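Within every chain, numbering begins at 1; the chains are lettered A, B, ... in the order of the sequence lines, protein sequences first and strands thereafter. Quick caveat: nothing in here was measured; it's all calculated off a predicted structure.
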Amino acid sequence: MVPGVRYGTRLQDGVVRFTFDGRTYEGRQGDTAASALLANGVVWFGRSVKSRRLRGVMTAGPEEPCALLTVGEYPNVVPNVPATECVLHDGMVLRSQNRWPSLEFDFASLLQWGGGLFTAGFYYKTFFLPGWRAFEPLIRRLAGLGMAPGPAAADSAANRPPLEEHVTCDLLVVGAGPAGLAAARVAARNGLQVVVVEREPAIGGETEFEESVIDSQAAHHWLKAAIASAAARIRQGSRNPRRVPRPEPGSVRVLLQTTAVAIASDSVVAYRERNEPTNFRIHARQVLNAVGAQEQPLVFVGNDLPGVQMLGGAERFAALYGWVPKEPVVLFGNHDRLYASALRLRGQGARVVAIVDTRPFNANSDHLRDEAGADEWRRAACSLLQAVGVECLTGSTVRVACGGRRLRSVEVVAIAGTADTREIRCGSLLMSGGWLPRRALPVGTIVGAAAGCLDLAAAVASGHAGGVAVLQQTGLLAAVAEISATPLATGDPSPRVEPYLRSPCATHEEKRQYLDLQNDVTVADLRVAIAEGFTHIEHAKRYTTLGIGTDQGRWGGHVGAAILADLQGLPSATASTSKDRPPLASVSLQAIAGWRVGDSFRLVRRTPLHDWHVAHGGNPEPMGLWFRPRFYAANGKDAASAAMVEAGRVRQIGGIADCSTLGKLEIAGPDAAAFLDEVYLSRPSTLAVGRSRYAVQLREDGIVLDDGLVLRLAEDRFLATTSSGHGLHVLSHLEHHRAHRASLRVSVADVTDCWAVIAVAGRASADALRTLLGRDPQELSPMAFWDWSGPLQGVGVAGQGGQRLRVLRAGFSGELSFELHCSPALALPLWEALQVGGLEPYGLDALDILRVEKGYLTTSEITGQVTPLDLGMEAMVAKAGPSLGLKLLQRPAFHEPQRPRLVGLRAVDGRSSFLAGAQLTVGPKDRVPMGYVTSSVFSAQLGETVALAFAARDVAPLGARLCARDPLRGRDVQVRVVAPVHFDPAGERLRGRY
Amino acid sequence: MACPFCGLRPLEEFLFRKTVPNVVTGSGNGAAAGTDVTDSASAYAQVYLRVDSAERSVEEWQHVAGCRAWLLVDRNPSTGVVRSVALLGGTQ
Ligand SMILES: [Zn+2]
């Protein structure tokens with residue numbers, strides 16, 4: 001068929017060009033890959049995963065198990081896209097899957113000639129000697145579904161997060177078919193705010209192809225009118241995830257191409273892939289599921305041949321995309337819809353040659369006799385069809401679909417009586433085995449076809465009744481009857497399905513009765529599963545791979561479960577299917593997490609000096625959410641040599657470091673001092689205003705949570721600093737304690753971002769600050785601070801225009817040192833002024849050398865496993881008030897002699913280096929470690945490696961010899977235990993005595 | 001979860017801290033029970049002991065990505081149904 005002459009409701013003007021396996025094709029705007037390729041005469045869309053059989057298009061929807069495509073060019077490929085869901089645009093690149101080297105000739109399909117090689121359990125049984133690994137490379141080459149995408153370019157759409165939108169409504173209707181829209185209509189007319197999600201790009205469900213009438217109007221007009229007036233008033237959804245748009249009172253908002261996939265806490269998650277990918281979180285008071293019914297396949301020999309299709313799918317192709325098979329068509333099924341479909345397809349130009357109906361006329365079945373006159377309709381339809389040359393074979397079944405690489409004919413037998421076999425030549429077999437409810441979210445009420453209402457009148461009435469029930473619950477049902485009258489609908493007659501499981505065949509033919517087309521699971525495989533004892537559907541599913549493909553068993557899962565029961569002599573009607581798990585429709589990993597790479601992986605916090613560091617080779621590295629400069633490239637060719645230079649310079653002259661990442665919390669209120677005494681060991685209440693103190697806080701269980709400085713800014717106001725990574729955690733901890741101590745008049749605020757911190761260290765620091773401030777900073781006694789106001793040499797004026805500066809005599813280097821806490825805007829001018837004063841920046845690695853030399857602690861030591869006693873803080877504990885965690889610190893295990901305690905370590909030979917992470921043993925042959933090295937640096941000052949470690953106190957007194965063992969990275973090193981303070985133990989430098 | 005200040009908010013805005021001990025056996029209300037770990041008799045029990053019930057769990061949560069209030073959440077761990085959300089420690 002030439003593109004351009006097709007007529008279909010989804011087709012628009014305009015041609016799209018695309019390639020499939022390298023060949024260029026033309027389709028129409030609105031075409032899916034499936035409809036366009038079918039219209040171009042393409043029969044084969046791919047091969048199955050296991051036995052590599054050629055496959056065509058089976059369905060016309062997301063349940064498509066066969067025609068799966070890889071879309072795009074590497075690395076931006078999307079695998080396993082059902083051709084039936086892939087709406088074309090110009091220049092699209094499509095590839096078939098599971099074939100090598102080409103679709104028409106596939107190497108692995110030769111394996112089929114081995115005959116029944118890939119039966120259930122094949123992998124488990126065949127490849128278990130000499131070991132799976134020997135076969136894995138070959139199997140991996142042949143296995144897998146499509147091509148995985150490569151790393152996405154930084155600016156590609158793949159790296160953008162999907163939009164996130166919260167929607168609230170009175171009623172959420174899932175499915176915009178006749179039932180769903182009837183419910184939405186009556187609810188909205190009575191004042192409810194209704195949101196409808198619809199998977200398809202159009203509303204209407206089967207009324208898109210079924211001639212039908214509701215309230216004397218063409219059904220699709222009625223449905224459009226049902227929502228149009230209300231929908232016009234709806235605002236578009238906001239792009240801002242924080243805003244919660246709410247429909248106007250009495251409205252219907254339809255979200256097309258959106259699938260309800262899961263329930264998260266109490267909201268429904270719906271996902272829209274197309275246009276702008278969006279996650280909707282729908283908070284609804286009530287939910288109605290009108291998801292419709294899934295047409296079921298029939299099981300006969302060769303039911304996977306290209307040319308065999310679902311009848312409903314073919315009807316969609318005909319009405320929506322104007323494609324009907326060119327070859328003679330046979331319809332096969334077990335209900336009355338066959339006849340209506342045959343008439344419609346003939347009208348579309350299909351050559352229908354026969355209808356094979358499993359139900360005989362004049363059946364003795366009670367089910368059929370119940371509906372008086374129902375068979376009359378079928379008889380009338382039969383004579384009408386027979387008059388135009390369509391053979392109607394009732395009480396018959398298709399036993400075998402014949403053909404090599406595509407359907408050539410079908411073998412039809414009568415179900416009862418003589419074994420009269422007919423062969424009918426055809427190129428298309430359209431089957432329909434009845435309908436079962438589609439999978440729905442386990443929430444709300446089910447209406448329409450999903451509730452078993454298979455004809456239009458019943459479905460509309462059911463949806464309407466569902467909407468009325470919601471209104472009754474909310475007490476909003478209008479007294480005006482005409483708004484709420486049940487709509488009258490007529491469409492195809494009730495299909496009167498009579499269950500039919502599978503056609504008869506010899507046992508050896510069962511391996512061509514397919515139940516899962518993606519994984520080639522057949523009735524024969526179920527027999528093997530039962531023989532092996534996998535009789536429950538959940539076991540059989542995993543043993544045979546029934547329903548584990550991308551279609552998740554939508555096509556043959558139910559039939560497979562029924563046949564599994566039937567093979568065991570159980571009533572198939574009661575067979576349970578395997579459990580459905582969210583998401584209900586496939587959602588790309590991209591949408592869930594794929595964009596969380598690079599800068600989107602997590603939040604980033606930058607200090608006010610970040611740009612300066614970057615511009616000056618500062619190598620900012622992540623530290624929690626922060627970035628901190630590790631070393632400055634000008635000082636050395638690598639981190640180790642640069643850090644050595646920087647640390648040495650601080651010891652000889654001085655330096656400055658950006659410590660803005662320290663957490664800063666302000667605690668204020670009349671009871672602030674009492675509150676802090678309860679959370680810190682070091683009794684902040686005894687501090688004088690203008691002074692600070694090193695402070696440690698414990699968790700409730702006696703373990704050290706964090707350490708820092710507490711500054712008393714005023715009688716009722718304190719500032720506490722925390723480790724860089726711990727600010728938010730400590731804030732939460734303080735807020736928690738405050739919640740429990742509701743009577744205390746105190747408040748806690750995070751001021752981390754309000755203050756930049758510059759450490760100024762070394763003997764030159766005093767001079768530099770004297771120049772800056774015009775006053776000798778050594779007038780400050782250790783741990784005291786000034787809230788500085790006044791002119792700053794070359795910088796500006798502090799204490800004015802919101803520019804604040806605090807000068808604190810404290811540090812983390814062991815030198816005479818100060819911390820400048822300042823407004824972020826002051827940070828850069830101060831930083832540059834201090835460099836003019838002769839101080840050069842040092843990075844995190846240098847800071848680490850300086851602090852290990854002095855035995856100062858970081859998170860390497862405060863690991864969340866150590867007590868203050870382990871850290872040698874007995875004096876602080878003894879002086880502490882009744883603070884949090886002290887009671888449980890008394891537990892005997894914390895006082896046992898073998899408990900590790902903080903020590904310093906040096907190599908016995910004074911030369912060897914050993915690394916953090918090395919395990920400590922007493923003797924070189926001991927196998928059980930009694931401690932470990934937490935931090936280790938090479939100290940240029942001392943000319944050797946110095947380390948901090950935890951070692952059992954009973955066997956590691958000062959001077960003890962231990963063995964630091966590091967078999968993976970280094971050799972064993974004999975070490976001796978020293979005090980943790982390696983450098984300047986008397987603290988002369990701290991006092992400015994050089 | 002419904003924050004008393006912010007209303008219905010997505011779960012990822014909240015942070016769980018702990019299950020409040022002894023609520024099921026009824027030794028005092030949860031708000032008072034969680035804190036007083038300086039009392040030697042109960043410190044250990046407060047931190048480590050609790051009755052794990054399939055039907056009822058009283059827990060401390062913080063609306064950490066919202067108003068930062070600490071909350072006492074009474075919920076059914078089997079079904080996830082939240083019975084009540086109250087402010088931890090009463091009025092703040
Ligand atoms: Zn809140």
Check your understanding: Any ion pair linking B:Glu12 and A:Arg281 (charged N to carboxylate O, less than 4.0 Å)?
Key ->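 So A:Arg281 pairs with B:Glu12 through a salt bridge.
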List the atom of [X], the atom of [Y], and the distance in Å for their closest heavy-atom pair.
X        : Y        : result
A:Ala739 : B:Trp70  : CB-CB, 3.7 Å
A:Leu888 : B:Tyr48  : CD1-CE1, 4.1 Å
A:Ala742 : B:Gly89  : CB-O, 3.3 Å
B:Arg68  : A:Leu728 : NH2-O, 4.2 Å

Exercise for review: Answer yes if the side chains of A:His736 and B:Gln62 hold a donor-acceptor pair under 3.5 Å, and no otherwise.
Suggested key: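 B:Gln62 and A:His736 do not have a side-chain donor-acceptor pair below 3.5 Å.
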Exercise for review: Using a cut-off of 6.0 Å, state whether more than 12 heavy atoms not belonging to A:Arg899 lie near its atom CZ.
Suggested key: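 More than 12 within 6.0 Å, yes.
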Check your understanding: Should B:Pro10 and A:His166 count as side-chain neighbours, where that means a heavy-atom distance under 4.5 Å?
Key ->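 B:Pro10 reaches A:His166 side chain to side chain.
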**Study point:** Counterpart residues, salt bridge (charged side-chain N to carboxylate O under 4.0 Å, His left out), relative to A:Arg605 (two or more places apart)
**Key:**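 With neighbours one apart ignored, the set is A:Asp753.
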Practice item. Apply side chain to side chain contact (heavy atoms under 4.5 Å, CB included) to A:Lys887 and B:Gln46, showing your working. Key: CA-CA 11 Å; A:Lys887 274 295 161 193; B:Gln46 295 297 354; over 6 Å; no
**Study point:** Proximity breakdown for A:Arg891 and chain B, heavy-atom pairs closer than 4.5 Å
**Key:**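 Interface part for A:Arg891: side chain.
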Review point. Can you tell me how far the CD atom of A:Glu735 sits from the CG atom of B:Leu88, to the nearest 0.5 Å?
Key: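 Going from the CD atom of A:Glu735 to the CG atom of B:Leu88 covers 12.0 Å.
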